[in-house]
Amino acid sequence: MESLVANGSSILFYVFAALAVISALGVVTMRNPMYGAISLLCSFLCVAVLFLLRHAEFVAIVQIFVYGGGIMVLFLFVIMLINLHRLPEVRKYAGQSPAVILLAVLLLGFFGWFFLQVQFDGPAFARPEAFTLVDGENLGNSQAVAWSLFTRHLLPFEIASIFLLIAMIGAVVLGRRQ
Amino acid sequence: MLEVTTTHYLVLSFVLFSIGLFGVAARRNMITVLMSIELVLNSVNLNLIAFSYQLSDLTGQIFAIFTITVAAGEAAVGLGILIALFRLRETTQLDEATELKG
């Protein structure tokens with residue numbers, strides 16, 4: 001029991017990493033896009049847990065809200081809107097899929113080998129206060145992220161709002177009936 | 001048990017990236033292709049968070065939030081294109097969208 005508690009974060013990482021990979025495989029292999037979407041949701045939630053394990057609490061919650069809430073609902077709406085039951089049974093994979101599998105496995109092997117050679121300088125997470133410190137006060141991750149967003153990264157933040165406006169207008173124009 | 005390091009996160013993120021890459025290039029259904037692009041963007045976020053932790057730097061988390069923003073915009077526009085394609089051809093199969101083929 002003691003070892004289970006001591007290794008809790010490692011066990012959580014392995015469990016949720018395996019779940020994320022399995023559900024990601026589900027996304028690319030399911031024939032019905034509805035099952036694929038549910039699988040994608042599972043993958044997003046598992047990745048949110050992995051964010052939590054890296055002390056990125058705010059990003060984990062944003063991941064659940066935006067991916068798990070917004071983007072998933074968008075996908076499910078579109079899948080229901082186009083009513084796939086009327087579509088005929090067709091081939092699932094394009095003709096180039098063996099070449100793609102080969103490419104993906106080669107890339108995976110090369111980068112996996114490369115990552116295992118990498119040595120990082122110094123211990124990880126050497127300054128835990130960097131994620132919670134706001135103006136000399138220890139307030140929390142959300143406030144630290146907000147402080148950084150509205151001071152140091154204000155210009156990208158405003159550009160992101162313009163980007164979202166453009167994307168919204170673009171989606172409305174594309175979806176309009178001619 | 002083995003301690004989880006940044007390398008673990010890099011390998012996991014690249015596995016998810018490869019799965020997404022396979023989905024983008026090999027599937028014929030446009031909805032699945034869009035979902036695979038989301039997988040790829042999500043694996044990039046995993047990398048950013050892992051390096052943010054390794055270097056004790058908040059900037060990685062800020063960048064991950066911007067990546068999520070771009071992913072949301074991409075999904076909205078991509079699904080708009082999907083609906084336009086469906087109105088035009090009554091299909092979501094990508095290789096039947098041959099309007100621009102000479």
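Lettering of chains follows the sequences in order, A, B, ..., and the numbering in each one begins at 1.
If you measure heavy-atom distances from Leu50(A) to chain B, the contacts under 4.5 Å come from both the backbone and the side chain. With a 4.5 Å cut-off on non-hydrogen atoms, Ser52(B) touches chain A through its backbone and its side chain both. For Leu58(B), the parts lying under 4.5 angstrom from a heavy atom of chain A are both the backbone and the side chain. Only the side chain of Leu16(B) comes within less than 4.5 Å of a heavy atom in chain A; its backbone stays farther off. Using a 4.5 Å cut-off between heavy atoms, Val27(A) touches chain B through backbone and side chain atoms alike. Only the backbone of Met30(A) comes within contact range of chain B, judged by heavy atoms closer than 4.5 Å. Both the backbone and the side chain of Ala37(A) come within contact range of chain B, with heavy atoms under 4.5 Å apart. In this structure, the portion of Phe66(B) lying under 4.5 Å from any heavy atom of chain A is its side chain and not its backbone. The part of Thr29(A) that comes within reach of chain B is its backbone (N, CA, C, O), which places non-hydrogen atoms under 4.5 angstrom from that chain. With a threshold of 4.5 angstrom between heavy atoms, Ile83(B) approaches chain A through side-chain atoms but not through N, CA, C or O. The contact between Leu116(A) and chain B is made by backbone and side chain atoms together, counting heavy-atom distances below 4.5 Å. Heavy atoms of Asn45(B) lying under 4.5 Å from chain A belong to its backbone as well as its side chain. Both the backbone and the side chain of Ile81(B) come within contact range of chain A, judged by heavy atoms closer than 4.5 Å. Of the atoms belonging to Val66(A), it is side-chain heavy atoms, and not backbone ones, that fall under 4.5 Å from chain B. Heavy atoms of Leu34(B) lying under 4.5 Å from chain A belong to its backbone as well as its side chain. Contacts of Leu164(A) with chain B are made by side-chain atoms alone, with heavy-atom separations under 4.5 Å and no backbone atom involved.
Of the listed residues (Leu74(A), Ile79(A), Leu174(A), Ile82(A)), just one forms a side chain to side chain contact (heavy atoms under 4.5 Å, CB included) with Leu79(B), and that residue is Leu74(A).
Here Asn141(A) is the residue among Ile159(A), Asn141(A), Leu103(A) with the most heavy-atom pairs under 4.5 Å with chain B. Contacts with chain B were tallied for Ala56(A), Ala104(A), Gly70(A), Ser9(A); Ala56(A) has the most, counting heavy-atom pairs under 4.5 Å. The greatest number of non-hydrogen atom pairs below 4.5 Å with chain A, out of Asn42(B), Leu10(B), Leu39(B), Asp57(B), is found for Asn42(B). If you tally non-hydrogen atom pairs under 4.5 Å between each of Phe75(A), Phe157(A), Phe163(A) and chain B, the highest count goes to Phe75(A). Ranked by heavy-atom pairs under 4.5 Å with chain A, the list Ala84(B), Ala72(B), Ala64(B), Ser36(B) is led by Ala72(B). With respect to chain B, the highest number of heavy-atom pairs below 4.5 Å among Phe58(A), Phe114(A), Phe13(A) belongs to Phe13(A). Of the listed residues (Val24(B), Val33(B), Leu82(B), Thr7(B)), the greatest number of heavy-atom pairs within a distance under 4.5 Å of chain A belongs to Thr7(B). In terms of heavy-atom pairs under 4.5 angstrom with chain A, the leader among Ile65(B), Thr5(B), Val70(B) is Val70(B). When each of Ser97(A), Ala171(A), Pro123(A), Ala94(A) is checked for heavy-atom pairs under 4.5 Å with chain B, Ala94(A) comes out on top. Comparing Val11(B), Leu46(B), Val15(B), Thr32(B) by how many heavy-atom pairs each has under 4.5 Å with chain A, the most go to Leu46(B).
Between Arg89(B) and Thr98(B), some side-chain heavy-atom pair lies under the 4.5 Å cut-off. Using a 4.5 Å heavy-atom cutoff, the side chains of Phe63(B) and Thr59(B) are not in contact. With contacts defined as side-chain heavy-atom distances shorter than 4.5 Å, the pair Met72(A)/Tyr67(A) does not qualify. With contacts defined as side-chain heavy-atom distances shorter than 4.5 Å, the pair Phe51(A)/Gln61(B) does not qualify. Within the 4.5 Å cutoff, side-chain heavy atoms of Glu38(B) are placed close to those of Glu74(B).
Clustering of Ile, Leu, Val, Met, Phe, Trp and Tyr side chains at separations under 4.5 Å places Val73(A) together with Phe77(A).
Under the 4.5 Å side-chain heavy-atom criterion for Ile, Leu, Val, Met, Phe, Trp and Tyr, Val47(A) and Leu21(B) are members of the same hydrophobic cluster. A continuous path of ILVMFWY side-chain contacts below 4.5 Å connects Phe44(A) to Leu76(A), so both sit in one hydrophobic cluster. Val4(B) is not connected to Leu55(B) by any chain of hydrophobic side-chain contacts under 4.5 Å among Ile, Leu, Val, Met, Phe, Trp and Tyr, and they are in different clusters.
For the atom pair CD of Gln96(A) and CG of Asp95(B), the computed distance is 8.5 Å after rounding to the nearest 0.5 Å. Here the OH atom belonging to Tyr9(B) is positioned 14.0 Å from the OG atom belonging to Ser43(B), to the nearest 0.5 angstrom. Note that the CD1 atom of Ile62(B) and the CG atom of Leu149(A) stand 4.0 Å from one another [nearest 0.5 Å]. Distance check: Tyr14(A) OH to Leu12(B) CG gives 11.0 Å after rounding to the nearest 0.5 Å. From Ser18(B), atom OG reaches atom CD1 of Ile101(A) across 12.0 Å, with rounding to the nearest 0.5 Å. Here Leu85(B) contributes atom CG and Met30(B) contributes atom CE; the two are 6.5 Å apart, rounded to the nearest 0.5 Å.
Using a distance-only test at 3.5 Å, with no hydrogens or angles considered, no donor-acceptor pair links the side chain of Ser43(A) to the main chain of Ser39(A). Panel note: side chain Ser148(A), backbone Val145(A); no donor-acceptor pair is recorded below 3.5 Å.
Ring geometry for Phe120(A) versus Phe51(B): interplanar angle over 60°, hence perpendicular rather than tilted (30 to 60°).
Of residues 105-113 of chain A, those residues with a non-hydrogen atom less than 4.5 Å from any non-hydrogen atom of chain B are, in numerical order, Leu107(A), Leu108(A), Phe111(A). Against chain B, the residues from residues 127-139 of chain A that qualify, each with a non-hydrogen atom under 4.5 angstrom away, are Arg127(A), Ala130(A), Phe131(A) in number order.
Remark: Arg152(A) pairs with no residue by the salt bridge (Lys or Arg N to Asp or Glu O under 4.0 Å) rule, at least two apart or across chains.
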*Quick one: do Asn29(B) and Leu94(B) satisfy side chain to side chain contact (heavy atoms under 4.5 Å, CB included)? Show the steps, please.*
CA-CA 6 Å; Asn29(B) 191 328; Leu94(B) 276 175; over 6 Å; no

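Annotation: cation-pi geometry not satisfied between Arg28(B) and Tyr93(A) (NZ/CZ under 6.0 angstrom from ring centroid, within 45° of ring axis).
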